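Step one of this worksheet: look at the structure below.
Please read all numbers here as calculations on a predicted model, not as lab measurements.
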Amino acid sequence: MGTFPDPVAERIEACDRTDAALETVLSEILKLRAVLAALRVDLVAQRSGEVAGSVPERPTGRPSRKARAVAAKQAPRLRSRVAQIIVDALVAAGDAGLSGMELNKIVAEHGFSKDSSEKAKVSIKRLKLARHDRIATHWYAAGKGPKRIPGEG
């Protein structure tokens with residue numbers, strides 16, 4: 001007599017694998033943001049004629065505890081995988097934001113339907129993790145994008 005696989009345990013393991021993969025990607029994003037910030041500082045200094053610096057090296061190792069805390073605040077953990085995918089994409093997009101169609105496409109690439117994307121967008125908007133500009137048809141992470149969006153309270 002064989003044993004049946006536990007579907008809940010399989011889902012938990014899949015969530016753990018996905019979380020580990022996201023942690024790795026987030027770590028790389030934070031490293032690249034640090035490199036970009038250092039590069040920007042060097043370019044501003046070069047423009048003003050203060051210092052002729054070189055492009056900084058790519059950092060190695062794990063991000064600091066402070067960098068991980070900042071990242072955790074920027075991209076909060078959500079129960080819904082689709083909502084988490086959308087929030088992560090918006091945080092990565094920064095001030096440029098993403099259109100609704102781009103978000104739907106990103107969600108579809110992860111194997112979810114457009115309906116789940118629309119439901120998650122409403123959910124994260126209610127949680128004030130995202131902002132929606134109806135005129136520009138763009139979505140922004142909380143604190144990103146234009147200062148004032150018409151119709152936003």
Side-chain angles (χ1 to χ4, degrees), residues 4-44 55-153:
F4 295 103
D6 183 10
V8 174
E10 290 174 2
R11 286 184 176 169
I12 290 171
E13 289 174 10
C15 287
D16 291 342
R17 286 191 303 269
T18 303
D19 187 50
L22 286 172
E23 184 68 33
T24 302
V25 170
L26 182 60
S27 163
E28 288 299 313
I29 289 170
L30 289 173
K31 290 175 189 176
L32 292 174
R33 286 183 77 188
V35 169
L36 184 62
L39 177 61
R40 185 177 189 285
V41 168
D42 284 351
L43 290 173
V44 168
V55 176
E57 293 295 318
R58 184 175 178 186
T60 57
R62 249 184 115 140
S64 68
R65 179 177 283 174
K66 185 176 180 181
R68 288 193 307 264
V70 169
K73 286 181 183 176
Q74 289 178 345
R77 306 298 304 160
L78 300 170
R79 290 181 62 196
S80 164
R81 265 184 82 194
V82 176
Q84 190 66 52
I85 290 167
I86 291 173
V87 169
D88 291 343
L90 290 173
V91 168
D95 285 334
L98 294 169
S99 72
M101 277 185 15
E102 291 170 325
L103 287 174
N104 291 344
K105 185 177 178 183
I106 291 169
V107 169
E109 288 171 356
H110 283 85
F112 295 97
S113 69
K114 178 183 174 195
D115 292 335
S116 64
S117 174
E118 296 297 331
K119 183 178 178 181
K121 285 189 276 189
V122 169
S123 163
I124 62 175
K125 185 176 177 186
R126 283 188 183 146
L127 292 171
K128 300 199 183 295
L129 297 174
R131 302 166 59 213
H132 182 227
D133 185 347
R134 290 183 185 176
I135 296 171
T137 65
H138 260 60
W139 287 82
Y140 307 94
K144 302 288 182 185
K147 299 279 185 220
R148 172 128 168 64
I149 294 177
E152 194 174 55

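Rounding to the nearest 0.5 angstrom, the gap separating the CG atom in L90 from the NE2 atom in H138 is 10.0 Å. Between atom CZ of residue R79 and atom CD of residue Q84 there is a gap of 13.0 Å, rounded to the nearest 0.5 Å. The structure places CG of D19 at 10.0 Å from CG of L26, a figure rounded to the nearest 0.5 Å. Atom CG in L22 sits 8.0 Å away from atom CD1 in I85 (nearest 0.5 Å). Note: E13 CD to C15 SG = 10.5 Å, rounded to the nearest 0.5 Å.
Around NZ of K114, the count of heavy atoms belonging to other residues, nucleotides or ligands within 6.0 Å does not exceed 12.
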Show every donor-acceptor pair shorter than 3.5 Å between a side-chain atom in residues 97-107 and any protein atom, with sequence neighbours excluded, or say none if there are none.
{"unit_1": "S99", "atom_1": "OG", "unit_2": "E102", "atom_2": "N", "d": "3.1"}
{"unit_1": "S99", "atom_1": "OG", "unit_2": "E102", "atom_2": "OE1", "d": "3.4"}
{"unit_1": "E102", "atom_1": "OE1", "unit_2": "S99", "atom_2": "N", "d": "2.7"}
{"unit_1": "N104", "atom_1": "OD1", "unit_2": "S117", "atom_2": "OG", "d": "2.6"}
{"unit_1": "N104", "atom_1": "OD1", "unit_2": "K121", "atom_2": "NZ", "d": "3.1"}
{"unit_1": "N104", "atom_1": "ND2", "unit_2": "G100", "atom_2": "O", "d": "3.4"}
{"unit_1": "N104", "atom_1": "ND2", "unit_2": "E118", "atom_2": "OE2", "d": "3.1"}

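Closest heavy-atom contact between K144 and D95: CA-OD1, 3.5 Å. Nearest heavy-atom pair across R131 and G143 is CD-N, 4.2 Å.
The backbone N or O of K119 lies less than 3.5 Å from no partner atom in the side chain of S123, so there is not a single donor-acceptor pair.
For A83, the side chain to side chain contact (heavy atoms under 4.5 Å, CB included) test picks out L78, S80, A120, I124, with sequence neighbours left out. Every residue two or more places apart in sequence or in another chain that forms a side chain to side chain contact (heavy atoms under 4.5 Å, CB included) with R126 is listed here: V122.
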